[in-house]
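Being a predicted model, the structure only gives us computed values, none of them experimental. Start at 1 and go down the list; that is how both ligands and their atoms are numbered.
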Amino acid sequence: MLENLRRLVGLNHESAPAPAKVPAPAGGPRHVGVIMDGNGRWAQRRGLPRTAGHKAGVEALRAVVKACPDLGIEVLTAYAFSTENWTRPKDEVDFLMYLIVEYCRREVNTLNENGVRINAIGRIDELPALQRDEIYQAMEKTRHNTRLVLNLAVNYGGHAELVDTMRAIAAEVAAGKVRPEEINEDLIRTHLYTAGLPELDLVIRTAGEMRLSNFMLWQASYSEFWVTDVAWPDVTREVLEQAVLEYKRRDRRFGTVLQQSR
Ligand code: IPE
Ligand code: IPE
Ligand code: MG
């Protein structure tokens, strides 16, 4: 059953199409990553348990997902649970796991109505069976949608992703399918969790911290970075619009000298 679902949703990296290396259209970012931080502090400021912040965070995600297609965003990667987040108190981890299932169950119809395809990146197979199956089912149910890819990073870590990528390539080398000298950036890209998705143009971090916290280490190498002090549960469509506006003002030089200054 699990294998069937995995095949159906095209989770197999080998079957993913070649990644688009096209830059974002002159306008806005095609692929936005959000480090949804500050739920705990948001709740504590209100004298509420941290879990209340996570619950409110789901509402913020709903608003942001809805706004993405209007802003021309094709892929939204939402950092929901990191490989490091297992070290939190058990109650909090349990609540986050519960929210993942709730989100998949409750949102799937609305997401379908809005043309959103759910995808997941991270070590999904290492999640408890309930969470794992619910995620695969949500992916299966929304797989035909084309307006937006909502890429949920769950049990995701940039280091773990690179380990998995290297293992996958090493297995191909061992099987004689790939020669070591054939390993290049494009081959690596096709083995990352994000194979087939456009380049990550913009990373948004809420709640003010100036770090990646193990988020998309390969993919963020040339992303624009935008940090706001707003805590994730307070994020609205307007905050996303502000980030996109700022992105459009940036010069993405990619190490070169821009035409006008030559
Ligand atoms: C982000 O909010 C949500 C997750 C990491 C799952 P936090 O829970 O990290 O909130 P703060 O950073 O403690 O305020
Ligand atoms: C990053 O936030 C992970 C997610 C948003 C899921 P954290 O709160 O876990 O990161 P640190 O502890 O500030 O680095
Ligand atoms: Mg945090």
Side-chain angles (χ1 to χ4, degrees), residues 31-65 68 75-104 106-107 118-124 126-128 130-132 134-135 138 149-164 192-194 200 202-220 223-236 239-240 243:
H31 183 172
V32 174
V34 281
I35 303 174
M36 309 186 287
D37 198 22
N39 294 352
R41 280 165 280 174
W42 180 92
Q44 274 160 351
R45 276 199 292 272
R46 286 162 178 74
L48 298 169
R50 292 176 56 84
T51 48
H54 297 314
K55 203 157 175 256
V58 175
E59 302 302 319
L61 180 61
R62 191 170 292 141
V64 166
V65 167
C68 279
V75 182
L76 178 75
T77 296
Y79 201 8
F81 192 90
S82 76
T83 47
E84 287 69 39
N85 288 150
W86 295 109
T87 59
R88 294 189 177 201
K90 186 178 181 302
D91 282 0
E92 184 169 346
V93 170
D94 287 350
F95 191 79
L96 288 164
M97 288 296 132
Y98 153 81
L99 275 186
I100 289 165
V101 170
E102 268 287 294
Y103 184 81
C104 290
R106 283 189 36 200
E107 290 301 302
I118 297 188
N119 187 49
I121 59 168
R123 291 187 170 166
I124 306 304
E126 287 180 2
L127 289 170
L130 177 66
Q131 280 67 23
R132 179 196 66 197
E134 210 59 54
I135 288 172
V149 175
L150 171 58
N151 208 20
L152 293 174
V154 181
N155 194 17
Y156 174 88
H159 286 167
E161 178 175 25
L162 293 178
V163 169
D164 291 347
L192 291 168
Y193 298 154
T194 49
L200 181 66
L202 171 64
V203 174
I204 296 173
R205 181 157 189 152
T206 60
E209 240 69 71
M210 298 284 183
R211 56 176 170 262
L212 278 174
S213 299
N214 208 8
F215 183 63
M216 301 188 100
L217 300 181
W218 172 285
Q219 296 88 341
S223 307
E224 295 299 319
F225 201 43
W226 188 79
V227 177
T228 174
D229 284 333
V230 176
W232 177 254
D234 284 334
V235 166
T236 55
V239 174
L240 182 67

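Once rounded to the nearest 0.5 Å, the distance linking CG of Leu96 with CG of Asn155 reads 12.0 Å. To the nearest 0.5 Å, atoms CD (Glu92) and CH2 (Trp86) are separated by 12.5 Å. Note: Arg132 CZ to Ile100 CD1 = 14.0 Å, rounded to the nearest 0.5 Å. Leu61 contributes atom CG, which lies 7.0 Å from atom CG of Leu152 (distance to the nearest 0.5 angstrom). Between atom OG1 of residue Thr194 and atom CG of residue Asn151 there is a gap of 8.0 Å, rounded to the nearest 0.5 Å. Here the straight-line distance linking atom OG1 of Thr206 with atom CZ of Arg41 works out to 8.0 Å at 0.5 Å rounding.
Residue contacts with ligand 1: Asn39 is placed with a nitrogen or oxygen under 3.5 Å of a nitrogen or oxygen of the ligand (distance criterion only). Ligand 1 has a nitrogen or oxygen under 3.5 angstrom from a nitrogen or oxygen of Asp37. At a 3.5 angstrom cut-off on N or O pairs, Arg88 counts as close to ligand 2. Taking distance alone, with nitrogen or oxygen atoms compared against 3.5 Å, Glu209 stays at or beyond that limit from ligand 2.
Residues Glu209 and Val227 fail the side-chain proximity criterion, which asks for heavy atoms closer than 4.5 Å. Annotation: side chain of Trp218 is in contact with side chain of Leu162 (closest heavy-atom distance under 4.5 Å). By the 4.5 Å heavy-atom criterion applied to side chains, Ile135 and Leu127 are counted as neighbours.
No hydrogens or angles considered: nothing links the side chains of Thr228 and Arg205 as a donor-acceptor pair under 3.5 Å.
Summary of contacts: the protein heavy atom closest to atom 11 (P) of ligand 2 is Ser213 OG, 3.5 Å. For atom 6 (C) of ligand 2, the nearest protein heavy atom (residue, atom name, distance) is Tyr79 O, 3.3 Å. For atom 9 (O) of ligand 2, the closest heavy atom belonging to the protein is Asn85 ND2, 2.9 Å. Here the heavy atom of the protein found nearest to atom 1 (C) of ligand 1 is Met36 O, 2.9 Å. The shortest contact between atom 10 (O) of ligand 1 and any protein heavy atom is with Gly40 N, 2.9 Å.
When each atom of ligand 1 is checked for a heavy atom of Arg41 under 4.0 Å away, the hits are 11 (P), 12 (O), 14 (O). Shown in contact with Ala80 at under 4.0 Å from a heavy atom are these atoms of ligand 1, numbered in order with element: 6 (C). Annotation for ligand 2: atoms under 4.0 Å from non-hydrogen atoms of Arg205 are 2 (O), 10 (O), 11 (P), 13 (O).
Exactly one residue among Val149, Leu150, Leu76 makes a side-chain contact (heavy atoms from CB on, under 4.5 Å) with Cys68. That residue is Leu76.
Within the structure, the closest approach of Gln44 to ligand 1 does not fall below 4.0 Å when heavy atoms are considered. Under the 4.0 angstrom criterion for non-hydrogen atoms, Ala207 is not in contact with ligand 1.
Between Trp232 and Val64, the shortest heavy-atom contact is CH2-CG2, 3.8 Å.
Proximity of Arg50 to ligand 1, defined as any heavy-atom pair under 4.0 Å, is confined to the side chain (atoms from C-beta onward). Only side-chain heavy atoms of Arg211 come within less than 4.0 Å of ligand 2; its backbone N, CA, C and O stay farther off. At a 4.0 Å heavy-atom cut-off, ligand 2 touches Phe81 through the backbone alone.
A cation-pi arrangement is found for Arg46 relative to Trp42, the charged atom lying closer than 6.0 Å to the ring centre and inside a 45° cone about the ring normal.
Ion pair Lys55/Glu102 not flagged as a salt bridge, since none of the NZ, NE, NH1 or NH2 atoms sits closer than 4.0 Å to an Asp/Glu carboxylate oxygen.
Within the sub-2.8 Å shell of the Mg ion (ligand 3), the protein contributes these N/O/S atoms: Asp37 OD1.
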